[in-house]
Asker: 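This is the structure I have questions about; it appears just below.
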Amino acid sequence: MIEAVCFDYFNTCTRAVRRGGGHRRTAEMLGVDPGEWLALLDRTYDERARGGYPTHLAGLRRLCTELGVEPTTAQLREAAELRLATVQADAPLRPETIDVLRTLRSAGVRIAIVSDCWFELPLVLPRTPLAGVIDAAVYSCQVGHTKPHPAMYATACAQLDVDPARCLYVGDGGSRELTGAARFGLTAVQLRAPDLGAHLTFHAEPDWPGAWVTTLSAIPDLVDAPVFVA
């Protein structure tokens, strides 16, 4: 019997992530070339997500230093706020996400968000409607490892107080998260929503041979949770 469900955040609880104009505005605010800024974000993704970069202003300052720019503290503060807004704009919640999580919670199923991320998500998620319908949040930048490292799943199961064998993991497959979850003993299910395909992701898992669904709305049926009516 499934007692808990772990959800990936980006591309799973949210719509497909696509970079918008906020990244260019952030770069311009910091005085760096937008193209070089995006390339640096890609290049440093793994290290940032593992917590290897400082958070907030110090982390942004380090990125700028790597591009040969020294912004003022005021510029960094504005850029940090703009980056938080940009992350939210690039990845709005799926319309069905909240109702699905409420359905699970109403059935007594515990819920965790398990995400590879930098400093933004720990600040952004508490501001979203998700904050009221989850029991735990596991952030790679705080754990010190990214998926598929077992520490991510171990932390989630510990926070949920659930045996991995009684936990479902749902994700789009970025970071080879599904393979990692299955190896740790969770039941892994891939989300193959119609909007996914050209989305922003790192270390994708296109060869996932296991179970999959096309909508989060199918998840309650997998744990026999009654349908929630708002």
Side-chain angles (χ1 to χ4, degrees), residues 7-95 97-98 112-132 134 136-147 152 171-172 174-175 177 195-196 198-204:
F7 288 91
D8 172 42
Y9 183 77
F10 295 106
N11 298 310
T12 301
C13 290
T14 77
R15 295 179 187 267
V17 177
R18 291 182 173 84
R19 282 175 171 156
H23 297 279
R24 171 175 288 275
R25 292 192 295 273
T26 300
E28 293 172 345
M29 182 178 295
L30 292 169
V32 300
D33 178 81
E36 292 182 359
W37 178 249
L38 289 179
L40 181 62
L41 290 178
D42 289 346
R43 191 164 62 249
T44 60
Y45 171 78
D46 290 325
E47 187 177 355
R48 287 187 293 109
R50 288 194 296 266
Y53 273 65
T55 59
H56 300 83
L57 305 190
L60 290 171
R61 186 184 298 278
R62 177 177 165 185
L63 289 174
C64 290
T65 298
E66 293 183 22
L67 292 177
V69 176
E70 295 294 336
T72 65
T73 299
Q75 286 175 300
L76 290 168
R77 291 186 190 279
E78 287 189 61
E81 287 302 315
L82 180 53
R83 182 152 178 83
L84 292 179
T86 297
V87 167
Q88 294 180 80
D90 286 356
L93 289 177
R94 294 185 181 279
T97 296
I98 298 301
I113 299 298
V114 183
S115 179
D116 287 351
C117 58
W118 193 21
F119 73 87
E120 305 93 352
L121 190 58
L123 296 177
V124 165
L125 193 146
R127 306 179 186 180
T128 73
L130 279 181
I134 65 173
V138 179
Y139 306 114
S140 62
C141 61
Q142 296 178 354
V143 174
H145 296 282
T146 56
K147 296 175 282 188
M152 291 291 285
D172 66 294
S175 299
E177 60 189 346
D195 62 322
L196 298 175
H199 59 292
L200 177 66
T201 188
F202 295 89
H203 314 302

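This is a predicted model, so every value here is computed, not measured. Throughout, numbering of the chain's residues begins at 1 and tracks the sequence.
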Asker: Which residues pass the side chain to side chain contact (heavy atoms under 4.5 Å, CB included) test with Leu38, sequence neighbours left out?
Answerer: Arg19, His23, Leu41
Asker: Test: ring pair (Phe, Tyr, Trp, His ring centres under 6.0 Å). Region: residues 28-81. Which pairs qualify, not counting sequence neighbours?
Answerer: Tyr45-Phe202, His56-Phe119
Asker: Tell me every residue that passes salt bridge (charged side-chain N to carboxylate O under 4.0 Å, His left out) with Asp8, counting only those two or more places apart in sequence or in another chain.
Answerer: Lys147
Asker: Only counting residues at least two apart or in another chain, list the ones meeting salt bridge (charged side-chain N to carboxylate O under 4.0 Å, His left out) with Arg77.
Answerer: none
Asker: Not counting sequence neighbours, which residues clear salt bridge (charged side-chain N to carboxylate O under 4.0 Å, His left out) with Arg83? List them please.
Answerer: Glu120
Asker: Taking salt bridge (charged side-chain N to carboxylate O under 4.0 Å, His left out) as the definition, give me every residue that meets it alongside Arg94, ordered by chain and number, with sequence neighbours left out.
Answerer: Asp195
Asker: Within this structure, what is the CG-CG distance for the pair Leu130 and Leu93, rounded to the nearest 0.5 Å?
Answerer: 5.0 Å
Asker: Mind checking what makes side chain to side chain contact (heavy atoms under 4.5 Å, CB included) contact with Ala79, not counting sequence neighbours?
Answerer: Thr26, Met29, Leu30, Leu60
Asker: What pairs of residues pass the salt bridge (charged side-chain N to carboxylate O under 4.0 Å, His left out) test when at least one of them lies in residues 137-146, not counting sequence neighbours?
Answerer: none
Asker: Could I get the full list of side chain to side chain contact (heavy atoms under 4.5 Å, CB included) partners for Glu36, not counting sequence neighbours?
Answerer: Asp33, Leu67
Asker: Quick one: salt bridge (charged side-chain N to carboxylate O under 4.0 Å, His left out) pairs with a partner in residues 58-76, sequence neighbours left out?
Answerer: Glu47-Arg62, Arg62-Glu66
Asker: Does Ala39 have any side chain to side chain contact (heavy atoms under 4.5 Å, CB included) partners at least two apart in sequence or in another chain, and if so, which?
Answerer: Arg43
Asker: Any pair with a residue in residues 58-86 that passes ring pair (Phe, Tyr, Trp, His ring centres under 6.0 Å), sequence neighbours left out, goes on the list, sorted by first then second residue, please.
Answerer: none
